[in-house]
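One is the number of the first residue; the rest follow in order along the sequence. All values below were derived from every heavy atom in this structure, side-chain atoms included, with hydrogens, water molecules and symmetry-related copies excluded.
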Amino acid sequence: YIVINYLIIYRHALKSMNNLQDGIEIIGSGNLDYSLEVDKDEVGEISRSFNQMASNLKSVTASKVDLEKEIMERKKAEEALLQAQENLEDYAQNLEKLVEERTEQLKDSERLAVIGETAGMIGHDIRNPLQSMDGALYLAREYVDSIPEGEEKKELNEIHELLRKQ
């Protein structure tokens, strides 16, 4: 009876150890989703510990993959940010050039406006005395026309013609 019990227990323990060894090889090959059979003996406790270890290793590995993905995404975002910053600097330089050009155009426009205003004032200042002179010439012509013919009238007509030509 003792020998039969010993053989049954030995066979059961050997089968559990083989299952554990096979499962460890599968997990060791990288299949972290594999789960070992858990019996209610010492080998079952070891199997449970291996299952827990595989689960923890899987989450760590998944975390590592997630971290690598995040690192790649951050690198891409950083590159995009650098490109955007370069574009922004180019845009700012173009805006500065445009502002300088527009400022020069505005200064030129202001200069032309001042020149036009000054020319208008000068023209007005010249026209006023000329209009007075023209009025005086008109009155002189009226006076010359009213005097009798003679040497004096002839000289006054010549003077009037010279003034009118100028």
- Message: With clusters defined by side-chain heavy atoms of hydrophobic residues (ILVMFWY) lying less than 4.5 Å apart, directly or transitively, does Ile26 cluster with Met53?
- Response: yes
First locate atom [atom1] of [X], then atom [atom2] of [Y], and finally report the distance between them rounded to the nearest 0.5 Å.
X     : Y     : atom1 : atom2 : answer
Lys97 : Leu95 : NZ    : CG    : 11.5 Å
Ile24 : Ser29 : CD1   : OG    : 12.0 Å
Glu45 : Phe50 : CD    : CZ    : 13.5 Å
Ile71 : Glu68 : CD1   : CD    : 7.0 Å
Met17 : Asp22 : CE    : CG    : 11.5 Å
Ser47 : Asn19 : OG    : CG    : 8.0 Å

- Close side-chain approach of Lys154 and Asn157, heavy atoms under 4.5 Å: no
- Message: Can you confirm whether the side chains of Asn87 and Gln83 place a donor and an acceptor under 3.5 Å from each other?
- Response: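 Yes, because at least one side-chain N or O of Asn87 sits under 3.5 Å from a partner of the opposite role on Gln83.
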- Show your working on side-chain contact (heavy atoms from CB on, under 4.5 Å) between Leu156 and Ile147 and close with a plain yes or no. CA-CA 10 Å; Leu156 288 173; Ile147 63 172; 4.0 Å; yes
- Item | Electrostatic pair Lys69-Glu73, nearest N-O below 4.0 angstrom |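 No salt bridge links Lys69 with Glu73.
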- Message: Using every non-hydrogen atom in the two residues, find where Val38 and Arg48 come nearest and quote the distance to one decimal.
- Response: CG1-NH2, 3.3 Å
- Message: Are more than 12 heavy atoms, taken from residues, nucleotides or ligands other than Glu142, located less than 6.0 Å from that residue's CD atom?
- Response: yes
- Message: Taking CD in Glu152 as the centre, count heavy atoms belonging to other residues, nucleotides or ligands within less than 6.0 Å. Is the count above 12?
- Response: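 Atom CD in Glu152 is not packed in, count stays at 12 or less.
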Taking only distance into account, with no hydrogens and no angle test, what donor-acceptor pairs under 3.5 Å do side-chain atoms of residues 109-120 form with protein atoms, sequence neighbours excluded?
{"from": "Ser109", "atom 1": "OG", "to": "Gln105", "atom 2": "O", "distance (Å)": "3.0"}
{"from": "Arg111", "atom 1": "NH1", "to": "Asp108", "atom 2": "OD1", "distance (Å)": "2.7"}
{"from": "Thr118", "atom 1": "OG1", "to": "Val114", "atom 2": "O", "distance (Å)": "2.8"}

- Check the pair Asp90, Gln93 against side-chain contact (heavy atoms from CB on, under 4.5 Å), reporting the backbone distance first and the verdict last. CA-CA 5 Å; Asp90 290 344; Gln93 288 176 352; 4.2 Å; yes
